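Presented below is the structure to which this report refers.
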Amino acid sequence: MPTAWTVLLPLPVGPLDWVAPPGALEPPVGSVAAVPWQRGVRLGLITHVHEVPVDRTLQLNEAVALAEGIPPLPEPTVAWLLDEAWRTAAPAGTLLAALHHPAFGADWHHHIERLDGQPLSATAPSGQSQTTPDPDDEAPLHELREQGLLRETFTLKRPQTTVLTASTDRDPPDVRRTPGQYQAWQALTSAGTVASAAELARLAGVTAGTVRSLIQGGYAHYETTTSKSVPPQPVGPMPPQGQAAEPPPAWISGGTPEQAIKRLLPTLQADLADGHSVLIIAPERHTMDAAADLLEQHLPTLRQMPQATPVERIDWQHAVATQPCCVVTGFGGLIAPIKQPARLVILDAENETHKQRSGPRTWTPQAARSWADAHHVPLHLTDVEVGPETLALALENPPGTTQQGVRLTRPTVRWVISDLSGARAWPLGADLVRVIRQTVERERQALIIAPRRGYAAAYECESCRTAIACPNCDLTLRYHARERRLKCHQCGHHEAPPATCPQCGSDALDATRAAGVEWVARVVRDVAPGAVTYRYDTDVKDDLTALYDGHPGVVVGTTAALRLAPLPVLSLIAVTQIDGMLHVDDFRAEMRALRTLAVLETLAGDRRPLGVIQTFTPELPLLTALTDRDGDAMTTLRAAIESRRQRFGYPPYGILSRVQASAKREADAWSALTDLAAQLKTAGANDDEVLGPAPMPVARLRGRYHAHLLIRASEAARARELLSMVPATAPGGVRMRVDVDARDIGEVLD
DNA sequence: AGCACGCCGACT
DNA sequence: GTCGGCGTGCTC
């Protein structure tokens, strides 16, 4: 029977079949193949090689060729990819595209040859899209391909370098008549090659014109060479063999990523000594670098350079495919062709960057769980504050492969809760002002977290209280003082602050409430005139070198400042208003706030800073628990969070997925969800499983109305079953979006 | 994702 | 009367 290749393209489609090209060797699953697609050719991943009956081949096209020079993905990795796509109710190609395999981003030489000996219009170029772009050439090519008259190959296009070199078939230039040219020629002959004419002129100490004459005279010429494949070498010493390690912890809570890696180091050393590799995934670049910098001191390590070109990333793949090492990467590392993985480590597991914002919207720790299962290796999760879901993932390891987990101890912060209700000063209350002044007087550092960017959350009329709203979204425009602009933080709309109120015509407009970074920074300068203040948020990132050199100063920022490296003499950390973090209608709000505070604590390194939290609602359980240092209020709080999740079937006790509808007309979005809810219930879903439709926190965004439906399932298969009933679109131009691992209930998808 | 097909509004 | 908007459906 003929052979078929099942190929997955990096497009929102599932795996599809093509007949193997005649005479092709049987490729391993996980190879990259070129297949005809929409009158062109595209590259995809071979997920399956199987026999097909002859009558089936009549319906199928022939695959074009294997793409050469790409290390095939291990079979468990391909199995994981398909399984994970199934779990997220997304076409497998969507997940493949989100993982950014370098083969799909690289340029290829697409060589075409006619089998009947007739001439062909040379080599059809193949650009980034993998579809041959010239439409005049393409129609006949496509027909020839269908007739089986072509032999095609795909080889990687490597960057070419042009060098200047001496022509060996010539005598040297006349030293008497053209001494400059002779001098340049000598320099070139002894150097072998130089990068450019200008380089040679500099090297030989002659003018550019002299070198030009040398080239025109035929004494030197340019040579174009294709750069060779140079896989990077792992950095770091190889551990001695025979290292025995006790079972490592499945989760590590309470420290920085580096501290977690130090805890795992004996295990990793034993893994590599046994000839295995370890995959380590970090959510952000600086975490990746910090982890790799540490690992390199102890073990052979290869890190994925985020700015690497596709060809460099393919060379990197060759390196990780052939030698045992610690592989430090991002999300895309889940399809790195790793040699014999021993375990998978997710750093900073609770970091929100682990949630993919596009494509199948995977949550990396969850995807990592199924990756570890597919590869039969344990999964390790680390974070400064491991939460219930992360913990549950860690505890699913096969018995005996890991210990439960460890909590690292760190210097405790004495949090002071400062009640702002009834306070006269704002946005900084008397308590915070006092400690800021003390910090400045003692020449220490302070970090103050404001709840938002800009100067204020609203710019409003003082007589009729109307705030200027975004024309595209149901949001007030934020006032940015530095730029003197009103900005929408969702759609990017911005405008000049109006002189008069559009509602009542009054000219008394101002930013009077809901302070942001700029406002807080201004007040800090007012109350502590001697302080050197810095701003750190998405809009402005001041140079903090002086602070890292140990000089005093006050940093005012948003949560963007949580990404900073620890500050050397940080003695005050403060949150100007925590209420926004806690009053969010989200069952994860408390754990998220606890983590934010824990990250703040780590910014002081080994120091034990003073912590101040301002609030209008000091009676909130989380705040009272923070100050109850000797009692067990925090334990009680965590137990309450846990039991509430259990009672409502929220993660990790169930799966909470989100279906979002968006449309130009609000009623269309809602009726799509009402129809879906009815359809789900007809199909047997009960009231516990279908929650909603419900309004989104912000109904209108970028001119479209949004609403959502939550689907609560007890297990992955049930979630998948219900989500498979969600259509991609609904009447009225409604776009439907599914988020299986919804992490933020209020988040707007696309 | 791309591409074709198909159905309704403003124009050379 | 056509050009072109985008909503809908398909790709082995």
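Treat the numbers as computed from the prediction; the structure is a model and nothing was measured. Chain identifiers are assigned alphabetically (A, B, ...) following the order of the sequence lines, protein sequences preceding nucleic acid strands; residue numbering begins at 1 within each chain.
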Measure the distance from [atom1] on [X] to [atom2] on [N] and round it to the nearest whole Å.
X: A/L9; N: C/dC10; atom1: CG; atom2: C1'; value: 14 Å
X: A/K664; N: C/dC6; atom1: NZ; atom2: P; value: 7 Å
X: A/L8; N: C/dT11; atom1: CG; atom2: P; value: 16 Å
X: A/Q38; N: C/dT11; atom1: CD; atom2: P; value: 10 Å
X: A/R735; N: C/dG7; atom1: CZ; atom2: P; value: 9 Å
X: A/N61; N: C/dT11; atom1: CG; atom2: P; value: 12 Å
X: A/L58; N: C/dC12; atom1: CG; atom2: C1'; value: 13 Å
X: A/H48; N: C/dC12; atom1: NE2; atom2: C1'; value: 14 Å

(Q) Nearest to the side chain of A/T729, heavy atoms from C-beta on, is which of B/dA1, B/dA4, C/dT8? (A) C/dT8
Q. Between A/F104 and A/H101, how do the two ring planes meet: parallel, tilted or perpendicular, split at 30° and 60°?
A. tilted
Q. Side chains of A/Q660 and A/D739: donor-acceptor distance under 3.5 Å anywhere?
A. no
Q) Is it true that A/D289 and A/R303 have a side-chain N and a carboxylate O under 4.0 angstrom from each other? A) yes
**Q.** Residue from A/R592, A/R369, A/R743 passing salt bridge (Lys or Arg N to Asp or Glu O under 4.0 Å) with A/E389
**A.** A/R743
